[in-house]
Peer 1: 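Attaching a single structure in structure tokens format; questions to follow.
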Amino acid sequence: MGEIGKEKAFWLLSAFCFLAIVFAVPFSKMEFPLAAGSFIRYFQSALASKGMLFLIPIVSVLPAGASYVRDSSGGFLKLYAVRISRVEYIQRKTFLIYAGGFLPFFLAGILAFFAGFLFLFPLERKGEVELALVFDSLGMLLRICFVGGIFAEISGVFAAVFKNYYMAYGLPFVCYYLLIILKDRYLPDFYAMYPGEWILAEQYWGRDGSFIWVFFLAFTALVCLLHGVVLGWRVKEI
């Protein structure tokens, strides 16, 4: 987290995500006083917006996705490898990149949630806020964060394979939208390959919907393992 926190891009992208969530809230359609729990529903609708779906493959890769390219091109990798072992370098880099894709959405989402509570909750009618609604909205935010972390790792894989900024930043975006196009045009029943479904989880993911989390854990383990293997292959060259 310390290395990520030093990156200006990380904080700028977190702020950008926060603004994207805020601007996706349908303020023009609000009728006051609001119904109880409205701020949570508006938060959910902002997270599920097309703008948020569009931002994920962009924001997730920018903070740290191409960090291997920076390390190798600047000669920093050799110095880094002398100070720590290759295994430790691989572990740190894998975690750093995943966190770089996960945390901007998490920080922005938590801040937007509390901003909604601060500014919209006082405008609501008195009534109970369903706890299930809170958990649903936070679950949606976590799913966005998982998708961000996964595509950050994919960016890290391409960075290590091609040692090129354009490939590290561009190919995850291409893969992301290729999945959307394949599902929308050719494979409409394959909802498990659709990034929008990963966020909304509207289809069948087990009786209690828990399989979506199994899917994320398996996908995360796969891309982290692949990234570690590719980095291991690269650091052998040092």
Side-chain angles (χ1 to χ4, degrees), residues 13 16-26 28-29 40-63 65-66 97-98 100-102 104-106 108-109 112 133 136-159 161-162 165-224 226-227:
L13 290 168
F16 184 68
C17 286
F18 170 76
L19 292 176
I21 296 172
V22 171
F23 286 130
V25 174
S28 61
K29 297 180 181 179
I40 302 176
R41 295 184 180 90
Y42 288 132
F43 176 69
Q44 285 183 319
S45 67
L47 293 182
S49 66
K50 291 183 178 179
M52 202 65 187
L53 184 66
F54 176 79
L55 282 179
I56 291 175
I58 300 173
V59 171
S60 61
V61 305
L62 289 178
I97 291 178
Y98 192 88
F102 186 101
F105 298 104
F106 183 77
L133 190 62
D136 286 344
S137 63
L138 295 179
M140 185 181 293
L141 174 60
L142 279 178
R143 290 194 292 272
I144 291 175
C145 295
F146 272 117
V147 177
I150 287 168
F151 275 87
E153 287 293 335
I154 292 173
S155 175
V157 171
F158 288 133
V161 170
F162 296 103
Y165 285 106
Y166 296 108
M167 294 295 185
Y169 293 142
L171 285 182
F173 184 86
V174 172
C175 293
Y176 185 87
Y177 276 94
L178 181 61
L179 290 175
I180 294 176
I181 293 170
L182 286 175
K183 191 270 179 184
D184 286 345
R185 296 188 180 182
Y186 305 108
L187 301 169
D189 296 329
F190 284 74
Y191 60 84
M193 67 184 295
Y194 181 51
E197 173 58 23
W198 300 344
I199 297 168
L200 300 176
E202 294 177 325
Q203 302 297 328
Y204 183 74
W205 293 94
R207 289 184 180 180
D208 56 356
S210 60
F211 283 4
I212 185 67
W213 304 111
V214 176
F215 171 81
F216 278 130
L217 290 175
F219 204 167
T220 295
L222 177 63
V223 293
C224 287
L226 179 60
H227 190 196

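The structure presented is a predicted model; accordingly, all values stated were derived computationally and were not measured.
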Peer 1: To check you understand the geometry: which heavy-atom pair defines the closest contact between V25 and A46, and what is its length?
Peer 2: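 It is CG2-CB, 4.0 Å.
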
Peer 1: Sub-3.5 Å donor-acceptor pair from the side chain of E153 to the main-chain atoms of I97, do we have one?
Peer 2: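 A pair under 3.5 Å: no.
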
Peer 1: Could I get the full list of side-chain hydrogen bond (donor to acceptor under 3.5 Å, both in side chains) partners for S210, not counting sequence neighbours?
Peer 2: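 Per chain and number, S210 pairs via side-chain hydrogen bond (donor to acceptor under 3.5 Å, both in side chains) with D208.
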
Peer 1: Between P195 and L179, what is the shortest heavy-atom contact and its length?
Peer 2: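 Smallest heavy-atom distance, with atoms named: CD-CB, 4.0 Å.
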
Peer 1: Looking at residues at least two apart in the chain, or sitting in another chain, which of them share a side-chain hydrogen bond (donor to acceptor under 3.5 Å, both in side chains) with Q44?
Peer 2: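 side-chain hydrogen bond (donor to acceptor under 3.5 Å, both in side chains) check on Q44 returns nothing, list empty.
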
Peer 1: Check A48 against M140 and note the closest heavy-atom contact, atom names and distance.
Peer 2: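 Residues A48 and M140, closest heavy atoms: N-SD, 4.1 Å.
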
Peer 1: Please report the interatomic distance CG(L53) to CG(L47), rounded to the nearest 0.5 Å.
Peer 2: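 Rounded to the nearest 0.5 Å, the CG-CG separation comes to 12.0 Å.
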
Peer 1: Which atoms form the tightest heavy-atom contact between G148 and S60, and what is the distance?
Peer 2: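 Closest approach of G148 to S60, heavy atoms only: O-CB, 3.2 Å.
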
Peer 1: Counting only heavy atoms not in Y165 (residues, nucleotides, ligands), do more than 12 fall under 6.0 Å from its OH?
Peer 2: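 Yes.
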
Peer 1: Considering residues at least two apart in sequence or located in another chain, which fulfil the side-chain hydrogen bond (donor to acceptor under 3.5 Å, both in side chains) criterion with S45?
Peer 2: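 Per chain and number, S45 pairs via side-chain hydrogen bond (donor to acceptor under 3.5 Å, both in side chains) with no residue.
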
Peer 1: Look up atom CG in L138 and atom CG in L133, then write down how far apart they are to the nearest 0.5 Å.
Peer 2: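 Nearest 0.5 Å value for the CG-CG distance: 9.5 Å.
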
Peer 1: Within a reach of under 6.0 Å around CZ of F215, are more than 12 heavy atoms found that belong to other residues, nucleotides or ligands?
Peer 2: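 Enclosed: over 12 neighbouring heavy atoms sit under 6.0 Å from CZ of F215.
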
Peer 1: Could you report the tightest heavy-atom contact between S137 and I40, atom names first, then the distance?
Peer 2: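 That closest heavy-atom pairing would be OG-CG2, 3.7 Å.
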
Peer 1: Taking the inter-plane angle between the rings of W213 and F216 on a 0 to 90° scale, is it parallel (under 30°), tilted (30 to 60°) or perpendicular (over 60°)?
Peer 2: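 Judged by the thresholds at 30° and 60°, the geometry between W213 and F216 is tilted.
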
Peer 1: Answer yes or no: is there a donor N or O on one side and an acceptor on the other, between the side chain of Q203 and the main chain of E197, under 3.5 Å?
Peer 2: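 No, because the side chain of Q203 does not come within donor-acceptor range (under 3.5 Å) of the backbone of E197.
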
Peer 1: How long is the span from the CG atom in L142 to the CZ atom in F102, to the nearest 0.5 Å?
Peer 2: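 It comes to 5.5 Å.
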
Peer 1: My understanding is that only residues two or more places apart in sequence, or in another chain, count here; which of them pass side chain to side chain contact (heavy atoms under 4.5 Å, CB included) with L187?
Peer 2: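 L187 satisfies side chain to side chain contact (heavy atoms under 4.5 Å, CB included) with F190, M193 only.
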
Peer 1: Identify, with sequence neighbours excluded, every residue that meets side chain to side chain contact (heavy atoms under 4.5 Å, CB included) alongside L171.
Peer 2: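 Once residues adjacent in sequence are excluded, the partners of L171 under the side chain to side chain contact (heavy atoms under 4.5 Å, CB included) criterion are F158, F162, M167.
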
Peer 1: When rounded to the nearest 0.5 angstrom, what is the spacing between CD in E202 and OH in Y191?
Peer 2: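 That separation rounds to 12.0 Å.
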
Peer 1: Working note: F16 + L55, criterion side chain to side chain contact (heavy atoms under 4.5 Å, CB included); need CA distance, chi angles, decisive distance, verdict.
Peer 2: CA-CA 10 Å; F16 184 68; L55 282 179; 3.3 Å; yes

Peer 1: So, for I56 and F105, which heavy atoms are closest and what is the spacing to 0.1 Å?
Peer 2: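 For I56 and F105, the tightest heavy-atom pair comes out as CA-CZ, 3.7 Å.
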
Peer 1: To the nearest 0.5 Å, what is the distance between SG (C145) and CD1 (I150)?
Peer 2: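 Answer rounded to 0.5 Å: 11.5 Å.
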
Peer 1: Mark yes or no for whether W198, through its side chain, and A192, through its backbone, hold a donor-acceptor pair below 3.5 Å.
Peer 2: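 Yes; judged by distance alone, with no hydrogens or angles, the pair exists.
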
Peer 1: Can you list the residues that meet the side chain to side chain contact (heavy atoms under 4.5 Å, CB included) rule with P57, with sequence neighbours excluded?
Peer 2: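 For P57 the side chain to side chain contact (heavy atoms under 4.5 Å, CB included) partners, ignoring immediate neighbours, are F173, Y176, Y177.
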
Peer 1: Nearest 0.5 Å please: distance from the CZ atom of F146 over to the OG1 atom of T220.
Peer 2: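 If we round to the nearest 0.5 Å, F146:CZ and T220:OG1 are 5.5 Å apart.
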
Peer 1: Can you check whether A168's main-chain N or O pairs, donor with acceptor, with S155's side chain at less than 3.5 Å?
Peer 2: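 Yes, the answer is positive, given that a donor and an acceptor are paired below the 3.5 Å cut-off.
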
